[in-house]
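Keep in mind the model is a prediction, meaning the values are calculated, not measured. Start at 1 with the first residue, then count along the sequence. In listed order, ligands and their atoms are each counted from 1.
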Amino acid sequence: MEQETIPFNRPCHTGRETEYVEDCIRRGKTCGNGEYTARCQRYFKDKTGSLKCMMTTSCTDALEMAAMLAGIGPGDEVIVPSYTFVSTALAFARQGADIVFADSRADSPDIDADCIEALVTPRTRAIVPVHYAGIACDMDAIMDIARRHGLLVIEDAAQGIDSFYKGRALGSIGHMGCFSFHETKNIQCGEGGMLLINDPALIERAEILWEKGTNRQKFFRGEVDKYGWVDMGSSFLPADYVCAFLWAQLEHLDEIQERRRAIWRRYDTGIADSPRFSRPSLPAYATNNAHAYYLVTRTPEDRTALIAWLKQRGIHAVFHYLSLHNSEYARRRGWSGADLPQADRYTECLVRLPLFRDLSDAEADRIIDAVNEFFASEPEKA
Ligand SMILES: *Cc1c(COP(=O)(O)O)cnc(C)c1O
């Protein structure tokens with residue numbers, strides 16, 4: 001019997017998305033900063049304790065806004081992990097900064113806090129930790145380095161909603177934090193993001209950059225009697241019906257997260273140990289939002305063979321990032337000098353298994369069985 005292919009991801013739907021989008025249309029205000037935008041922002045402000053949460057059209061956009069707010073410009077250096085999505089570095093490169101790539105930890109793709117200090121120079125302005133798979137970086141160590149050198153910390157928490165470091169929400173610990181609501185994330189609205197501002201000194205300017213360099217927010221609050229062009233900026237805010245879609249997901253966040261965590265635990269207990277791979281490690285300071293379940297094989301050959309093995313069995317497992325320090329663009333800019341062995345190892349050996357709310361227990365078990373059969377078989381010769 002042909003088995004149905006299990007995709008890597010199926011974007012989550014909760015059922016009320018179109019109802020809320022229609023409600024937004026009925027209200028007669030579909031542009032940005034409307035009722036649903038306010039609801040989503042209030043939700044995350046309450047949940048994270050951040051001083052200000054601003055919806056953006058993507059996490060990339062939130063990172064770009066953060067780079068502008070940080071005042072990053074030509075001649076500045078920004079420390080970014082090499083094993084991450086392009087946007088983490090792009091947002092700062094776009095402002096004219098030079099990117100300095102840091103390696104990952106041996107036990108997780110998160111940035112290795114121990115290697116950051118050696119990268120700091122008089123030109124360094126910011127550190128951008130990425131909470132890989134929603135599992136927190138060692139934020140105390142990173143914030144301590146930042147404090148001692150007068151640097152800003154901008155958390156790329158694209159995968160980190162509803163996840164915590166020592167009880168503090170990811171995205172709310174650095175000076176700024178960024179979330180993604182792309183269709184591949186735990187909750188989604190197609191394309192969407194959020195900027196979290198945790199430093200009171202950045203709030204007033206954030207409102208201006210968000211609304212095309214105007215003091216429109218002050219005008220709405222009655223603090224000025226007309227609004228005009230006062231600073232740099234762009235149109236970072238999404239349409240309100242995008243936020244209406246997201247609101248339908250937020251209403252079900254706990255249920256979505258519970259289901260994802262159940263699948264994650266099923267993988268972690270069902271997949272038998274083997275010296276041929278390591279599984280995700282959860283530091284005592286971090287919670288798990290079950291954004292991803294991944295294995296790191298000991299050899300690149302095993303990763304390639306495992307992906308092909310699963311594909312033959314109708315299971316779509318995927319690798320992840322290509323180290324940015326080896327990218328064509330970084331080479332062209334002369335940012336690729338460092339030797340970053342962990343980033344390269346994750347580039348070659350990390351594989352992610354399907355994980356989405358609607359994955360059934362039976363499908364998860366089919367995946368677990370296939371993975372266990374693979375590692376019980378003889379490894380292919382390199
Ligand atoms: C998804 C992701 C982004 C980009 O998010 P968009 O909303 O698609 O712009 C950036 N950084 C990381 C680590 C991501 O996982």
Exercise. Look at the aromatic rings of Tyr321 and Phe85 and report parallel, tilted or perpendicular, splitting at 30° and 60°.
Key: tilted

Using a cut-off of under 3.5 Å, which N/O atoms of ligand 1 pair up with protein N/O atoms, and what distance separates each pair?
from     : atom 1 : to     : atom 2 : distance (Å)
ligand 1 : 5 (O)  : Ser180 : OG     : 3.4
ligand 1 : 7 (O)  : Cys59  : N      : 2.9
ligand 1 : 7 (O)  : Ser180 : OG     : 2.7
ligand 1 : 9 (O)  : Cys59  : N      : 3.3
ligand 1 : 9 (O)  : Thr60  : N      : 2.9
ligand 1 : 9 (O)  : Thr60  : OG1    : 2.5
ligand 1 : 11 (N) : Asp156 : OD1    : 3.4
ligand 1 : 11 (N) : Asp156 : OD2    : 2.8
ligand 1 : 15 (O) : Gln159 : NE2    : 2.8
ligand 1 : 15 (O) : Lys185 : NZ     : 3.3
ligand 1 : 15 (O) : Tyr321 : OH     : 3.3

Quiz item: Are Asp240 and Lys29 ion-paired here, with the side-chain N under 4.0 Å from a carboxylate O?
Solution: no

Quiz item: Are the charged groups of Arg27 and Asp23 less than 4.0 angstrom apart, N to O?
Solution: yes

Quiz item: Would a 4.5 Å heavy-atom cut-off, applied to side chains only, mark Val153 and Ile173 as touching?
Solution: no

Practice problem: Please check if Met139 and Ile111 belong to a single hydrophobic cluster, counting links between Ile, Leu, Val, Met, Phe, Trp and Tyr side chain heavy atoms closer than 4.5 Å. | Solution: yes

Quiz prompt | Lys/Arg-Asp/Glu bridge criterion (N-O < 4.0 Å) met for Arg105, Asp114 | solution = no

